[in-house]
2 protein chains.
Amino acid sequence: MSLRHAVLAALLSGEYSGYQLTKAFDVGVANFWYAQPQQLYLELSKLENDGLISGREVVQQTRPTKRLFSVTDAGLAELERFAAATSKPSFIRDDLLVKVQAVDHVEVAPVIEQLDQRAAAAAAKVEILDKLLRRFRGDLDEETFLRDGTPIGPYLTCLRGKRFEQEHHDWCVRAAALLRDRAARPLPAPR
Amino acid sequence: MSLRHAVLAALLSGEYSGYQLTKAFDVGVANFWYAQPQQLYLELSKLENDGLISGREVVQQTRPTKRLFSVTDAGLAELERFAAATSKPSFIRDDLLVKVQAVDHVEVAPVIEQLDQRAAAAAAKVEILDKLLRRFRGDLDEETFLRDGTPIGPYLTCLRGKRFEQEHHDWCVRAAALLRDRAARPLPAPR
DNA sequence: CACACCATGTAACCTGTTACATGATTGT
DNA sequence: ACAATCATGTAACAGGTTACATGGTGTG
């Protein structure tokens, strides 16, 4: 049960509709979690049924009516409980790593291609997250914001997300270059 | 379906029993995937039923009889197919990030404590992975091994794992220090 | 004699993904 | 008119976790 808490944590920043959440949780800016629209709508229903969030209808003249959700006191208490509980460490689980692991035994070309694509995608995400960070801290420099700025939680998770993408990018670029180079010299001369 | 391929990729390095795989896939050295023993045994059964791996019984006098598995031609073909197919990018999904995201609204002390614990765990994992890397490359230096050493796949995934843990460690340490500092000065003087 | 390690599984449950569904409005 | 965006869901399935189960061997 963790999407539950991810949604609660996201709603701390203000009221959001299901659709707005899907944007935040979607590919673009998953700085601390990821979920698909369907899962979010489902989780929002459950959270509302459990009284952890409450939704209010907002009728729009130009757009379809939407429901904005906010965290209730019960929801905050649940988050409090969750934050204090211990939880398992996280793991990398990435198909691309599996492919690279097997690269000595399978065709390298498609793997290299995918490394290139990933590198590009990661670079794009770094940009997005960097913009988000700048928006968060406004005109303050990073050091000052980290000392006194608020909210600090989203800033920290965003920082982590950016670093992850940067690392991923660098690794992809390096691995691709390396495998290309090795493919060009299939039989290194034994000295 | 990806544990399937992770197991196949792992078995490329040689024959392993279910138990040996659980060690490799377990908390210690999940350099490219993670899975629990139960899941591995189940997956091994399925893979054998599907003819992608084959197991041979090894009777030991001092230990219980075990079954060593290796990848069949069909299994290799399946991996080949998998490696060429495109796959979704990976995401961070970590309870700890959710907690940090909410840190402006919940008790900081337990979160800081968990950041400390994670930092220590990550540091330990970095050590383990570093040893693995040194074992992989033997007496070659890294540059040389990356140019010509084999197998290169496991080395690359291990490198990625190490970097991930290192980043995670650094972030945890930084976030913990920062939150501690902020907790000590709850109301920064507005100038 | 108890604890850790080797060795392997099953069953129930929870979570997450994919596919299916609908419908209004705004911009090109 | 067509595509994109806003807006919300359901149903079936695949994948992963937790709990339950068992039994032999070596070490302190």
Side-chain angles (χ1 to χ4, degrees), chain A residues 1-8 15-28 30 33-50 53 55-69 82 85-95 98, chain B residues 1-8 15-28 30 33-50 53 55-69 82 85-95 98:
Chain A
M1 279 222 218
S2 23
L3 172 60
R4 198 176 184 72
H5 301 105
V7 170
L8 281 174
E15 290 184 324
Y16 287 98
S17 70
Y19 187 79
Q20 287 174 300
L21 274 180
T22 65
K23 289 298 153 194
F25 273 78
D26 207 4
V27 255
W33 204 266
Y34 161 81
Q36 293 176 309
Q38 297 88 340
Q39 216 185 331
L40 283 172
Y41 282 114
L42 195 68
E43 199 61 49
L44 285 170
S45 311
K46 286 188 202 164
L47 281 166
E48 198 183 19
N49 277 339
D50 295 350
I53 61 175
R56 64 184 182 90
E57 289 224 327
V58 173
V59 184
Q60 305 172 107
Q61 63 283 66
T62 146
R63 295 280 179 198
T65 297
K66 62 182 173 182
R67 305 190 62 212
L68 293 180
F69 295 96
F82 170 74
T86 61
S87 53
K88 306 281 149 63
S90 65
F91 301 100
I92 298 185
R93 260 189 193 166
D94 190 341
D95 280 359
V98 176
Chain B
M1 278 222 220
S2 23
L3 171 61
R4 199 177 183 72
H5 301 104
V7 170
L8 283 174
E15 290 183 323
Y16 287 99
S17 69
Y19 188 78
Q20 286 174 303
L21 274 181
T22 66
K23 290 299 155 193
F25 273 79
D26 206 4
V27 257
W33 203 265
Y34 161 82
Q36 293 176 308
Q38 297 88 339
Q39 216 185 331
L40 283 172
Y41 282 113
L42 194 67
E43 199 61 49
L44 286 170
S45 310
K46 286 189 203 163
L47 281 166
E48 198 182 20
N49 276 338
D50 295 350
I53 61 176
R56 64 185 182 89
E57 289 223 329
V58 173
V59 184
Q60 305 171 110
Q61 62 284 67
T62 148
R63 296 280 181 198
T65 298
K66 61 182 175 183
R67 305 190 62 211
L68 293 181
F69 295 96
F82 170 73
T86 62
S87 52
K88 306 281 149 60
S90 65
F91 300 100
I92 298 186
R93 259 189 194 167
D94 189 341
D95 280 359
V98 176

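What you see is a predicted model, and the numbers here were worked out from it, not measured in a lab. Here is the naming used below: chain letters follow the sequence lines, and residue numbers restart at 1 for every chain. Note: hydrogens, waters and symmetry copies are ignored here, and every other heavy atom, side chains too, is used.
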Separation of [N] [atom2] from [X] [atom1] (nearest whole Å):
{"X": "B:F91", "N": "C:dG16", "atom1": "CZ", "atom2": "P", "value": "13 Å"}
{"X": "A:E57", "N": "D:dA7", "atom1": "CD", "atom2": "P", "value": "13 Å"}
{"X": "B:Y34", "N": "D:dG15", "atom1": "OH", "atom2": "P", "value": "18 Å"}
{"X": "B:L40", "N": "C:dT8", "atom1": "CG", "atom2": "C1'", "value": "12 Å"}
{"X": "B:K66", "N": "D:dT22", "atom1": "NZ", "atom2": "C1'", "value": "20 Å"}
{"X": "A:L68", "N": "D:dA7", "atom1": "CG", "atom2": "P", "value": "9 Å"}
{"X": "B:Q20", "N": "C:dA7", "atom1": "CD", "atom2": "C1'", "value": "11 Å"}
{"X": "B:Q61", "N": "C:dC6", "atom1": "CD", "atom2": "C1'", "value": "14 Å"}

- side-chain contact (heavy atoms from CB on, under 4.5 Å) between A:L42 and A:Q38: does it pass, once the steps are laid out? CA-CA 6 Å; A:L42 195 68; A:Q38 297 88 340; over 6 Å; no
Would you mind telling me which of [options] lies closest to the side-chain atoms of [X]?
{"X": "A:Q36", "options": "C:dT17, D:dG16, D:dT18", "result": "C:dT17"}
{"X": "B:R93", "options": "C:dT8, C:dT17, D:dA7", "result": "C:dT17"}
{"X": "B:T62", "options": "C:dT8, D:dT25, C:dT18", "result": "D:dT25"}
{"X": "A:R67", "options": "C:dG16, C:dA7, D:dT8", "result": "D:dT8"}
{"X": "B:Q38", "options": "D:dT25, D:dC20, C:dT8", "result": "D:dC20"}
{"X": "A:Y41", "options": "C:dT8, D:dA7, D:dG23", "result": "D:dA7"}
{"X": "A:Q39", "options": "C:dG16, D:dG9, C:dT8", "result": "C:dG16"}

Evaluate the side-chain proximity of B:R4 to B:D50: yes if any heavy-atom separation is below 4.5 Å, no if none is.
->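 The answer is yes; the side chains approach within 4.5 Å.
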Step-by-step side-chain contact (heavy atoms from CB on, under 4.5 Å) determination, A:T22 to A:Y16:
CA-CA 10 Å; A:T22 65; A:Y16 287 98; over 6 Å; no
Q) Base, sugar-phosphate, or nothing for A:Q60, non-hydrogen atoms under 4.0 angstrom? A)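 Sugar-phosphate, no base atom in range.
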**Request:** Quick one: label A:K88 by what it contacts on the DNA or RNA (base, sugar-phosphate, nothing), any heavy atom closer than 4.0 Å.
**Result:**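 Result for A:K88 = sugar-phosphate.
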Is it true that a side-chain atom of A:Y41 and a backbone atom of A:Y19 form a donor plus acceptor pair closer than 3.5 Å?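 Between the backbone of A:Y19 and the side chain of A:Y41 there is a qualifying donor-acceptor contact (under 3.5 Å).
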Check: Would you find a donor on one side and an acceptor on the other, under 3.5 Å apart, between the side chain of A:R93 and the backbone of B:Y34?
Finding: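 Flag set: sc A:R93 to bb B:Y34 pair under 3.5 Å.
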* **A:L42 or B:R4, whichever maps to the more 5' nucleotide of DNA chain D** =>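 Closest to the 5' end, via its nearest nucleotide, is A:L42.
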| query | Are any of B:Y19's side-chain N or O atoms less than 4.0 Å away from OP1 or OP2 of C:dT8? | reply |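 For C:dT8, OP1/OP2 do not have a side-chain N/O of B:Y19 under 4.0 Å.
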Given that A:S2 and B:S17 both sit by DNA chain C, which one's nearest nucleotide is further toward the 5' end?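 Its nearest nucleotide lies further toward 5', so the answer is B:S17.
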Which is more 5' along DNA chain C, the nucleotide nearest B:P64 or the one nearest A:E43? Just name the residue.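 That would be B:P64.
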Derivation of the side-chain contact (heavy atoms from CB on, under 4.5 Å) call for A:L47 and A:F69: CA-CA 10 Å; A:L47 281 166; A:F69 295 96; over 6 Å; no
